[in-house]
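Start at 1 and go down the list; that is how both ligands and their atoms are numbered.
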Amino acid sequence: MDRLIDAIERMHNPSVVGLDPTPQLVPEPVIASLHDEVADTVEDEREIDAVQLAMAYVVFNQVLIDAVCDIVPAVKPQIAMYEALGPAGVDAYAMTCDYAHERGLYVVGDVKRGDIGSTAAAYAHHLSGVPALPGTRQDTASVPNRYDPWREDAITVNPYLGVDGIAPFVEAADACDKDLFVLVHTSNPSSVDLQELELGSGGRLYEHVAGLVETWGRGTEGAYGYSRVGGVFGATFGADAAALRRSMPHTMLLVPGYGAQGGTTDDVAGMFDAEGRGAVISSSRGIIGAWRSAPERQASMGQDDALELVAHSARRAAIDMRDALDQASSR
Ligand SMILES: O=C(O)c1cc(=O)[nH]c(=O)n1[C@@H]1O[C@H](COP(=O)(O)O)[C@@H](O)[C@H]1O
């Protein structure tokens, strides 16, 4: 977690840009410009749209990453948006993670995995990569013994299957010096139906999960006192933030729900510790979709103008968010 916190300190910016592309969020001329190239290379005509969109996501993300990489510490690609397009989309996800790394960003893979222990162990390869088959390769500096196809620095996981569904991720994170963000209280309205249930033993379910998350990270605290097991807490439940911050003193919080879902700087202010650390606030549509309501938008734009508008608007929105958070984290 030190790597993320170092990056936040360098940028003076505790925010993450979510890379959640959809066909509506990518300007139409960008998608259209790829049609001929894709049609020439794809064998099954039915694949064209998915491959074209996947390629457009890569172009869109690269432009966004270039636009914000000197002002934000991290990005969070949401794998659902890519998986929706099949194998080409999954490639686009991996290429996006790769490009973000090249540009020096910390990458949170929003994959929200959670399953029984044996299956969680397979999902944990998002962190550990794929080991070489026995006797096939020696680990060297130039050819490591593991192939890491996903290239995330951290992933999101769902703890509501219990500790056996989490342990494989904690082990993989430890072995490979990566991080986890475990759902504690999600930002969606109906999260209250389950996560706020009062327990017979006292307290609410998410408060119990918060305690478990703090325990799962024990012993892995870094230079800033935060462990490699972070928690996810929705900005839309900011009223409970200060109590949660106190109950999880070693847990870095990933806070989605800012912007498009209604979370504000007032809501997230309580998630920071006394040093202004301990939380990283995430916004996806509020940044990557900012071009759609930009005053410079015109009815008909060419591909280059559209991409310039995407870049300019995302950067402006990221700077506005950074400046707003600067005040919130120092309260
Ligand atoms: O784990 C997450 O990032 C997450 C947890 C949560 O409680 N709420 C939540 O919205 N998210 C993710 O954060 C992103 C929110 O996107 P925007 O609402 O567009 O900022 C999506 O990728 C969600 O899947």
Side-chain angles (χ1 to χ4, degrees), residues 4 14-26 57 60-61 64 68 72-84 89 92-93 96-97 100 106-114 123 126 152-160 166 169 179-196 205-206 209-210 213 229-241 244 251-265 267-268 271 279-293 310 313-314 317-318 320-322 324-325:
L4 174 60
S15 73
V16 181
V17 173
L19 297 174
D20 301 30
T22 62
Q24 296 72 33
L25 286 175
V26 181
Y57 285 1
F60 181 65
N61 287 344
L64 288 164
V68 300
V72 305
V75 289
K76 183 174 75 68
Q78 165 55 261
I79 203 167
M81 305 318 193
Y82 305 84
E83 282 180 350
Y93 174 86
T96 296
C97 294
Y106 179 97
V107 177
V108 181
D110 194 354
V111 302
K112 290 203 187 62
R113 298 302 143 117
Y123 280 135
H126 265 278
E152 300 111 331
D153 295 293
I155 59 168
T156 54
V157 294
N158 185 339
Y160 285 89
I166 287 294
F169 293 106
D179 304 318
L180 289 179
F181 287 97
V182 182
L183 301 182
V184 174
H185 193 320
T186 56
S187 61
N188 52 315
S190 54
S191 64
V192 297
D193 299 347
L194 297 174
Q195 296 161 23
E196 294 205 359
L205 177 57
Y206 84 84
V209 172
V213 172
V229 182
V232 178
F233 193 82
T236 44
F237 291 92
D240 299 316
L244 187 91
T251 305
M252 183 78 182
L253 296 177
L254 170 67
V255 184
Y258 182 90
Q261 293 178 51
T264 64
T265 41
D267 293 319
V268 303
M271 316 232 180
V280 62
I281 318 300
S282 170
S283 174
S284 304
R285 286 166 291 180
I287 308 284
I288 71 172
W291 67 272
R292 284 156 47 102
S293 51
V310 166
S313 311
D320 287 350
M321 182 174 170
R322 177 194 66 187
L325 290 177

Whether K76 lies under 4.0 Å from ligand 1, heavy atom: yes
Pairs where residues 279-289 contributes a residue and the test side chain to side chain donor-acceptor pair (under 3.5 Å) is met, not counting sequence neighbours: D20-S284
For atom 16 (O) of ligand 1, the protein heavy atom that lies nearest, with its residue and separation: S284 OG, 3.3 Å
Distance filter under 4.0 Å to R285 heavy atoms, resulting ligand 1 atoms: 17 (P), 18 (O), 19 (O), 20 (O)
Shortest protein heavy-atom distance from atom 7 (O) of ligand 1, along with the residue and atom involved: S187 N, 2.8 Å
Q195 side chain vs T186 backbone, donor-acceptor pair below 3.5 Å: yes
W291 (side chain) donor-acceptor with L25 (main chain) under 3.5 angstrom: yes
Contact partition for D20 relative to ligand 1, non-hydrogen atoms under 4.0 Å: side chain
Side-chain touch V72/V16, heavy atoms, less than 4.5 angstrom: no
For F237, ring pair (Phe, Tyr, Trp, His ring centres under 6.0 Å) partners two or more places apart: H185
Donor on one side chain, acceptor on other, S187 and Q261, under 3.5 Å: yes
Location of contacts on P256 toward ligand 1, heavy atoms closer than 4.0 Å: side chain
L64 side, atom CG; I288 side, atom CD1 - distance, nearest 0.5 Å: 6.5 Å
T186 neighbourhood, listing ligand 1 atoms whose heavy-atom distance to it stays under 4.0 Å: 7 (O)
Heavy-atom nearest option to atom 1 (O) of ligand 1, drawn from K112, Q261, M81, Q78: K112
contact_flag S283 ligand 1 heavy-atom lt 4.0 Å: yes
